[in-house]
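Report on the following structure.
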Amino acid sequence: MLSLKSKYRTHTCGELTEKNVGETVTLSGWVHRKRDHGSLLFVDLRDNYGITQCVFDGGDENLEKIHPESVIKITGTVVARDKEAINDKLPTGHIEIKSGKWEVLTNADVLPFQVFGDDDVPEDLRYQYRFLDLRREKLHKNILMRNKIIKWLRDQMWEMGFSEFQTPLLTADSPEGARCFLVPSRLHHGKFYALPQAPQMFKQLLQVSGFDRYFQIAPCFRDEDLRADRLLEFYQLDLEMSFVDLPDVQAVGEELLPKLIKTFVPDAIVSDEVPHISFDDAMLKYGCDKPDMRNPILISDVTEIFRGSDFGIFANAIENGAVVRAVPAPKSSDKPRSWFDKLGDYAVKELGLGGLGYIVFAEEAKGPVAKKLDEARIAKLHEIAGDNSSLFFICDEEEKAAKAAGKLRNKLGEDLGLINPKEFKFCWVDNFPFFERNEEDGSIQMTHNPFSYPIATLEELDTKDPLTIKAAQFDMVMNGIEICSGGLRNYNPEVMLKCFNIAGYDVENVKKNFAGLYTSFQYGAPPHGGCAFGIDRLVCEIVGEPAVREVVAFPANQRGQDLLMGSPNEVSEQQLRDVHIQVRKRG
RNA sequence: GGGGUGUUAGCUCAGCUGGUUUAGAGCGUCUGCCUGUCACGCAGAAGGUCGAGGGUUCGAGCCCCUUACAUCCCGCCA
């Protein structure tokens with residue numbers, strides 16, 4: 001390994017121990033903290049590798065005045081600390097540097113916020129001084145962890161026989177999905193490059209090119225509104241394989257993910273099995289397409305129990321096509337009235353429901369809904385809920401009811417403490433519908449990206465109701481977070497044209513929008529499939545950060561600005577002229 | 001584009017139902033003291049257009065309206 005020694009240091013700030021006692025050493029780093037006792041001065045010196053305490057016996061007037069975060073070089077002798085003075089919190093806590101000489105390398109001004117400690121600091125200040133923020137312990141650790149995870153993932157992919165590729169960042173706008181970032185072309189008047197939303201077509205072309213197994217730690221760009229878990233530019237572990245069926249692609253995820261968590265979260269309880277859940281089942285039982293499998297609550301459809309009952313609101317709605325979904329809350333029968341009222345508020349405010357009906361199954365069935373139902377119906381509901389539980393009812397049009405029930409399931413799981421944060425559970429969600437009906441104009445459109453393969457023969461595509469056709473497409477979900485999406489690709493030009501045809505596109509359109517890929521399919525394309533893992537989100541889960549910006553060194557803020565570099569910014573008139581652009585007036 | 005929450009010292013926050021003349025505390029900064037601290041301690045000082053603008057009121061940090069900014073969510077987006 002390359003030595004870390006230089007004219008600035010003989011050791012790092014994290015490596016000296018009792019073994020080094022008596023040695024004369026030189027350290028360089030940031031003044032983390034000073035403790036001034038008059039004629040005795042302690043300086044904690046920090047670098048990437050750790051913190052070492054330096055003592056100036058007799059004090060030092062000049063050093064006392066220096067600001068924290070100034071960079072200094074200290075030469076001194078390693079001495080063992082007295083027993084009482086040992087600091088077990090530091091790896092170097094058994095020794096200290098009895099200092100002779102020191103020298104300022106660079107001075108720091110008064111800081112806009114403290115590097116030491118874990119004070120809350122406003123986001124905009126943190127971004128404006130990201131280099132200071134990155135010195136702080138938590139963020140510094142997160143970034144180093146990300147570093148290790150990416151190296152580990154890359155090693156795993158190599159071991160599994162994948163080859164690593166780079167694909168263009170200046171490419172063409174692809175017609176589906178998110179908005180692209182555009183880059184004007186200087187050489188081609190009025191034309192634009194687009195930054196890739198993902199290297200989708202390139203990785204497929206690499207399959208057609210015969211490379212068999214592709215992977216890339218790929219930057220992806222999407223010009224959409226941001227969230228805590230979304231960035232303008234983010235990274236995916238992108239992979240693609242030839243001559244595979246769905247289970248072959250999924251095997252990569254099953255091999256990779258549980259092992260990843262076990263490697264980087266030592267106290268995690270990781271379940272190796274990755275159950276398959278169909279999209280329809282996920283929407284019914286979990287109320288979303290990314291169920292958190294740690295949550296034991298299962299949603300039931302109880303439409304038939306309420307049909308024709310005396311509970312008029314539901315019975316009438318059912319006649320008009322609504323469904324009723326029941327969400328059980330285990331061991332909640334002793335909750336006070338206020339708990340139920342709060343959930344009712346939540347349902348109205350957050351879920352947009354008219355209200356939240358419920359039955360409490362204590363000694364007897366209680367609650368306003370129970371009064372309206374006969375014994376037989378109550379017995380059936382009791383069976384679903386279990387003893388000492390309550391059952392919440394959501395009645396609405398199917399998709400809305402399912403989604404609201406899913407959100408309630410998540411909230412109950414959290415509120416009732418049913419989720420163990422140390423646990424990591426996975427599942428596959430598959431059998432997504434290939435087509436869906438456009439709510440606005442009633443037309444048939446593709447649900448997923450246009451590259452996925454239908455689970456249907458050409459003949460079935462011709463004869464079956466398109467809405468019943470499923471896609472060879474899957475998501476991998478970890479603890480309720482979608483961490484991977486993939487599937488088999490549509491490599492057969494005939495099938496591809498048929499699918500586009502059903503969605504209302506003609507041959508010319510396909511040839512135009514997918515020119516390169518479509519052409520390549522005319523010359524022998526292997527059956528292929530692949531997927532992509534969201535690296536930023538994975539790192540978040542591993543280090544326990546809810547926000548993806550906490551695991552990226554230089555993220556844009558929620559408005560897509562980089563306050564440190566000042567992007568996006570205006571450019572000169574000449575630069576605009578070079579790329580043949582005129583900025584329109586606002587409004 | 002829409003909704004929730006927030007904005008008081010460099011930073012974190014308190015400030016009751018609108019009414020102690022001078023808006024408080026901790027951290028940081030500055031000055032002084034301190035030989036065993038490691039969140040060092042002690043004494044003192046500086047530091048405020050209460051985001052901005054308008055309104056209600058005898059009186060507004062607090063109530064109302066407008067607006068800016070931040071953040072989280074919906075739409076959008078894998």
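Residue numbers start from 1 in every chain, and the chains themselves are labelled A, B, ... in the order their sequence lines are given, proteins ahead of strands.
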Could you tell me the Watson-Crick or G-U partner of [N], where both distances fall under 3.5 Å? Say none if there is no partner.
N	result
rC58(B)	rG19(B)
rG26(B)	rC11(B)
rU37(B)	none
rU49(B)	none
rU71(B)	rG4(B)
rC76(B)	none
rA43(B)	rU31(B)

Would you classify [X] as touching base, sugar-phosphate or nothing, given that sugar-phosphate means primed atoms plus P, OP1 and OP2, and contacts are heavy atoms under 4.0 Å?
X	value
F113(A)	nothing
R33(A)	sugar-phosphate
D124(A)	nothing
R222(A)	sugar-phosphate
D57(A)	base
E123(A)	sugar-phosphate
Q200(A)	nothing
A85(A)	base
L125(A)	sugar-phosphate
D223(A)	nothing
R126(A)	nothing

In this structure, how many angstroms lie between the [atom2] atom of [N] and the [atom1] atom of [X], rounded?
X	N	atom1	atom2	value
K83(A)	rC38(B)	NZ	C1'	20 Å
L132(A)	rG28(B)	CG	P	16 Å
L226(A)	rA78(B)	CG	P	13 Å
K400(A)	rC74(B)	NZ	P	16 Å
D82(A)	rU35(B)	CG	C1'	12 Å
D36(A)	rG32(B)	CG	P	11 Å
F42(A)	rU37(B)	CZ	C1'	4 Å
D60(A)	rU35(B)	CG	P	16 Å

Is [X] salt-bridged to [Y], going by a charged N under 4.0 Å from an acidic O?
X	Y	value
D536(A)	R146(A)	yes
R126(A)	E550(A)	yes
R537(A)	E482(A)	no
K34(A)	E64(A)	no
D44(A)	R35(A)	yes
R135(A)	E69(A)	yes
D238(A)	K203(A)	yes
K98(A)	D57(A)	yes

Any donor-acceptor pair under 3.5 Å between the side chain of E224(A) and the base of rG75(B)?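 Per atom types, no contact qualifies.
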Out of [options], which has the shortest distance to the side chain of [X]?
X	options	answer
F116(A)	rC76(B), rA39(B), rU12(B)	rA39(B)
R81(A)	rC76(B), rC38(B), rC73(B)	rC38(B)
D120(A)	rU12(B), rC73(B), rU29(B)	rU12(B)
L40(A)	rU35(B), rA78(B), rC40(B)	rU35(B)
H67(A)	rC77(B), rC30(B), rC38(B)	rC30(B)
P68(A)	rU29(B), rA39(B), rG36(B)	rU29(B)
Q114(A)	rU29(B), rG10(B), rC38(B)	rG10(B)
N557(A)	rU12(B), rU71(B), rC73(B)	rU71(B)
A178(A)	rG36(B), rA78(B), rC11(B)	rA78(B)
S39(A)	rC73(B), rC38(B), rU35(B)	rU35(B)

Does [X] make a side-chain N or O approach to OP1 or OP2 of [N] shorter than 4.0 Å?
X	N	answer
H32(A)	rU37(B)	no
R549(A)	rC72(B)	yes
K34(A)	rC40(B)	no
Q197(A)	rC77(B)	no
R35(A)	rC40(B)	yes

Rounding to an integer number of angstrom, what distance separates [N] and [M] when you compare their [atom1] atoms?
N	M	atom1	result
rA14(B)	rG48(B)	C1'	15 Å
rG53(B)	rG61(B)	P	13 Å
rA45(B)	rC64(B)	P	38 Å
rG15(B)	rC62(B)	P	14 Å
rC11(B)	rG51(B)	P	13 Å
rC13(B)	rU8(B)	C1'	9 Å
rA9(B)	rC27(B)	C1'	12 Å

Taking the six-membered ring for Trp, does H37(A) stack with rC40(B) (centroid gap under 5.5 Å, planes within less than 30°)?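 Base of rC40(B): stacked against H37(A).
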Could you say whether Q473(A) or A547(A) is positioned toward the 5' end of RNA chain B, judged by the nucleotide with the nearest heavy atom to each?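 Nearer the 5' end of the strand: A547(A).
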First of E84(A) and R559(A) reached from the 5' end of RNA chain B, by closest nucleotide: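 First, find each residue's nearest nucleotide; the 5'-ward one identifies E84(A).
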Could you tell me if R489(A) sits above the aromatic ring of F451(A), with its cationic atom closer than 6.0 Å to the ring centre and no more than 45 degrees from the axis?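 Here R489(A) fails the 6.0 Å and 45° test against F451(A).
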What about Y214(A) and F202(A), are their ring centers closer than 6.0 Å?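 No, ring centres 6.0 Å or more apart.
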